[in-house]
Asks: 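First the structure, which I've put down as structure tokens, then a few questions once you've had a look.
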Amino acid sequence: MYTKKVMDHFTNPRNMGEIENPSAVGTVGNAKCGDIMRMYMDIDDNGVIRDVKFKTFGCGAAVATSSIATELVKGKTIEEALKVTNKAVVDALDGLPPVKVHCSLLAEEAIHAALWDYAEKNGIKIEGLRKPKSDVHEHDEDEQTY
Ligand code: FES
């Protein structure tokens, strides 16, 4: 059911963990399956994502998509990271079963959520960035809109 790459990233996830004093943190969730993905970024003054880590409480595909998403944005500029769509994530994993495609959407949203946090903290506007719909406000669950 899963490709070799999915199994590889699920059993040996890259960049798992958290960054102390990160430049940006984004947390997103999916109400239907209850899975949650958090992405931490360390971004330098030139807008390059020097480091990225994730923590995912979710299914195997969510872990694999988080892992590959961190690889796709690490060392990239903010503009390049915004081009990492859920399709790019699925392609990089050599495909996902149709019922698991929503997991890759979570990865795309986690990137946007982290960059949204970065833009807000620094008072900047990032072209092409959209506020993630499934942003999780941990202490205010009722506020979530899906
Ligand atoms: Fe929902 Fe995977 S089943 S993120």
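Keep in mind that what you see is a predicted model, and the values were worked out from it rather than measured. Numbering of ligands and ligand atoms starts at 1, following listing order. Residues take their numbers from the sequence shown, with the count starting at 1.
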Asks: Taking heavy atoms and a distance under 4.0 Å, where does C103 meet ligand 1: side chain, backbone, both or neither?
Replies: both
Asks: Are the side chains of L96 and V6 in touch, meaning some heavy atoms are under 4.5 Å apart?
Replies: yes
Asks: Classify the contact between K32 and ligand 1 as side chain, backbone, both or neither, using a heavy-atom distance cut-off of under 4.0 Å.
Replies: neither
Asks: Enumerate the atoms of ligand 1 whose separation from the nearest heavy atom of H102 is less than 4.0 angstrom.
Replies: 1 (Fe), 2 (Fe), 3 (S), 4 (S)
Asks: For a side-chain contact (heavy atoms from CB on, under 4.5 Å) check, start with the C-alpha distance between E71 and H9, then their side-chain angles and the critical distance, and finish with the verdict.
Replies: CA-CA 11 Å; E71 285 205 322; H9 280 267; 3.4 Å; yes
Asks: Show which atoms of ligand 1 fall inside a sub-4.0 Å distance from at least one heavy-atom site of D35.
Replies: 1 (Fe), 2 (Fe), 3 (S), 4 (S)
Asks: Before giving the answer on side-chain contact (heavy atoms from CB on, under 4.5 Å), spell out for M41 and D117 the whole-Å C-alpha distance, their side-chain angles and the decisive distance to 0.1 Å.
Replies: CA-CA 10 Å; M41 287 182 184; D117 178 50; over 6 Å; no
Asks: Please could you name the atoms of ligand 1 that K100 approaches to less than 4.0 Å, counting only its heavy atoms?
Replies: 3 (S)
Asks: Looking only at protein heavy atoms, which one is nearest to atom 2 (Fe) of ligand 1, and how far off is it?
Replies: C59 SG, 2.2 Å
Asks: Please assess R14 against D8 for the test side-chain contact (heavy atoms from CB on, under 4.5 Å), listing each intermediate value before the final yes or no.
Replies: CA-CA 10 Å; R14 324 299 200 266; D8 177 31; 2.7 Å; yes
Asks: Would you say K87 has more than 12 foreign heavy atoms packed within less than 6.0 Å of its NZ?
Replies: no
Asks: So, 2.8 Å as the limit: is an N/O/S atom of C33 located closer than that to atom 1 (Fe) of ligand 1?
Replies: yes
Asks: Show your reasoning for whether side-chain contact (heavy atoms from CB on, under 4.5 Å) applies to L82 and L129.
Replies: CA-CA 7 Å; L82 286 174; L129 182 66; 3.7 Å; yes
